[in-house]
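We count ligands from 1, going down the list as the structure has it; atoms in each ligand are counted the same way.
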Amino acid sequence: MKRNVIIDCDPGIDDSLALMLALSMEELNVVGITVVCGNSPVHMGTGNTGKILRFMNRLDVPVFAGAEAPLKREFADALDTHGRDGLGESFLPEAEGFCPKTGAVDFLAKTLREKPCSVIALGPLTNLALLYEQDQEAFGQMEELVSMGGNFRSHGNCSPVAEYNYWADPDGAAKVYQAMEEIGKKITMVGLDVTREIVLTPDLLAYLRRLNPEVGGFVEKITKFYFDFHWRQEHLIGCVINDPLAVAYFADRSLCDGFDAYTQVATDGLSTGQTVVDSMGFYGKRANSLVLTRTDPVRFFTMFFGRILGTDEKSLDLIPRLVRRETL
Ligand code: BDR
Ligand code: CA
């Protein structure tokens, strides 16, 4: 049975890849996309969502712009990572016929009250924190919340200890983790421990292009800047595509493994945005999170390519060797 899901995102290069994946999955019914300020200002992220929907021929999916600023902190975009247009400086034209609305939080509240629905959050948690402030009952009705963000053993990507989504709005993230504690549910933390394993390499990209020049060419266009950023920043030949793993995991639980824990997000000082995961049970508190720590990149890329290309996974025979970077 298809599961209803709202994707809350800040496109963003890897958010765009995640949207492509989500819209290609027959297990998911994407009932709407809500946009939050993060990688790009919210109007830019909304426009980028339209560009992806146009490419996927899915301009029918409703899109709602949300928070323009974090709960308390000043907004800090990540255009240095995602390019001046938030989409790898691909400068794709705006999508004709794309009619986004405002009111992301109202849309979340209304949908969650109306039907069983989960949320996959791929950006800062501001929209979700505002939902909790506005309508706790609707928040509590969320079937599941899967969030790309945070880190357990991995170092951060915005400070030594903090990951961007939670660093950009630590108060929003802290509120959502606290809210999960209050409603007695668990947020799934798809953090850097697992997403750092998901490296799109030049070889994988070349394979994608060989298999399907249109889709491969599109992915190449929006990721080129991201490849250059990773080379400059991390001395990595490839780019870490964080967000699609959250979507993939939502559809297939066997892709990642982790443990339940009580987690808080630090909101100030040196450790701003850090996920403080009580893996040893110091606080004796009930778990409010499932912290993912292991994943299988071969299986991820097989699913990712298979779905966005609409290809039988069995035919993707080169993926294991390309992911393991074995000489062909
Ligand atoms: C997260 O921050 C953004 O740059 C990515 O889109 C991802 O959601 C990784 O830290
Ligand atoms: Ca994102």
Side-chain angles (χ1 to χ4, degrees), residues 6-22 33-42 44-46 48-49 51-52 63 66-67 70 75-89 104 119-128 145-152 154-170 172-173 176 187-200 219 222-223 225-230 232-234 236 238-250 265 272-275 292 295 300:
I6 296 172
I7 314 268
D8 186 68
C9 57
D10 60 336
I13 296 167
D14 56 336
D15 297 80
S16 300
L17 300 177
L19 288 175
M20 289 171 71
L21 177 61
I33 299 172
T34 50
V35 184
V36 64
C37 65
N39 292 322
S40 40
V42 76
M44 189 188 279
T46 305
N48 288 342
T49 304
K51 295 176 186 179
I52 301 302
V63 178
F75 172 50
D77 64 46
L79 296 181
D80 61 331
T81 312
H82 294 262
R84 277 172 293 158
D85 61 349
L87 215 44
E89 307 204 341
V119 176
I120 305 177
L122 306 174
L125 292 175
T126 321
N127 284 343
L128 276 304
L145 174 56
V146 175
S147 158
M148 190 284 128
N151 46 310
F152 171 52
S154 166
H155 56 82
N157 61 2
C158 260
S159 84
V161 296
E163 176 281 328
Y164 173 76
N165 287 337
Y166 294 180
W167 172 88
D169 188 357
V176 169
I187 180 171
T188 302
M189 181 178 128
V190 188
L192 296 176
D193 298 76
V194 280
T195 65
R196 276 191 195 283
E197 303 278 314
I198 307 299
V199 180
L200 179 68
V219 172
I222 66 173
T223 54
F225 186 93
Y226 211 35
F227 272 88
D228 294 342
F229 170 83
H230 279 79
R232 281 196 312 274
Q233 192 76 11
E234 304 202 5
L236 177 75
C239 55
V240 178
I241 52 169
N242 307 276
D243 292 337
L245 184 63
V247 172
Y249 174 77
F250 182 78
V265 181
T272 296
Q274 181 178 13
T275 36
L292 301 183
T295 190
F300 166 79

Mind checking whether Asp15 contacts ligand 1 via backbone (N, CA, C, O), side chain (CB onward), both or neither, at a 4.0 Å heavy-atom cut-off? side chain
Ring centers of His82, Tyr226 separated by less than 6.0 Å: yes
Using a 4.5 Å cut-off on heavy atoms from C-beta on, say whether the side chain of Asn48 contacts that of Ile52. no
May I ask you to identify the nearest protein heavy atom to atom 8 (O) of ligand 1, giving residue, atom name and distance to one decimal place in Å? Asp243 OD1, 2.7 Å
Tyr226 versus ligand 1: do any nitrogen or oxygen atoms come within less than 3.5 Å of each other? no
Is there a polar contact, in the sense of an N or O pair closer than 3.5 Å, between Leu122 and ligand 1? yes
Measure from the side-chain N and O atoms of Asn242 to the backbone N and O of Leu192, and report whether any donor-acceptor pair falls under 3.5 Å. no
Atom name of the N, O or S atom of Asp243 nearest to the Ca ion (ligand 2) is OD2
Compare all side-chain heavy atoms of Pro244 with those of Asp14 and state whether any distance is below 4.5 angstrom. yes
At a 4.0 Å threshold, what atoms of ligand 1 neighbour a non-hydrogen atom of Tyr164? 2 (O), 3 (C), 10 (O)
Expected list for residues 121-128: side-chain donor-acceptor pairs under 3.5 angstrom, two or more places apart:
unit_1	atom_1	unit_2	atom_2	d
Thr126	OG1	Asp169	OD2	2.7
Asn127	OD1	Ala67	N	2.9
Asn127	ND2	Asp8	OD1	2.8
Asn127	ND2	Val35	O	3.0

Is there an N/O/S atom in Asp14 that lies less than 3.0 Å from the Ca ion (ligand 2)? no
Tyr166-Ser147 side chain donor-acceptor pair, cut-off 3.5 Å: yes
Of all heavy-atom pairs linking Asp10 and Ser40, the shortest is O-OG, 4.1 Å
Any idea which N/O/S atom from Asp10 gets closest to the Ca ion (ligand 2)? OD1
Do any N/O atoms on Asn242 end up under 3.5 angstrom from N/O atoms on ligand 1? no
At what distance, to the nearest 0.5 angstrom, does OG1 of Thr81 lie from NE2 of His230? 8.0 Å
Tell me the contacting part of Asn39 for ligand 1: side chain, backbone, both, or neither, using a 4.0 Å heavy-atom threshold, strictly below. side chain
Which of the numbered atoms in ligand 1 are under 4.0 angstrom from any heavy atom belonging to Asn157? 9 (C), 10 (O)
So is Asp14 touching ligand 1 or not, going by heavy atoms under 4.0 Å? yes
How far is atom 10 (O) of ligand 1 from the closest protein heavy atom, and which atom is that? Glu163 OE2, 2.5 Å
Is the Ca ion (ligand 2) less than 3.0 Å from at least one N/O/S atom of Leu122? yes
Just verifying a value: how many Å separate Arg196 CZ and Leu245 CG, rounded to the nearest 0.5 Å? 13.5 Å
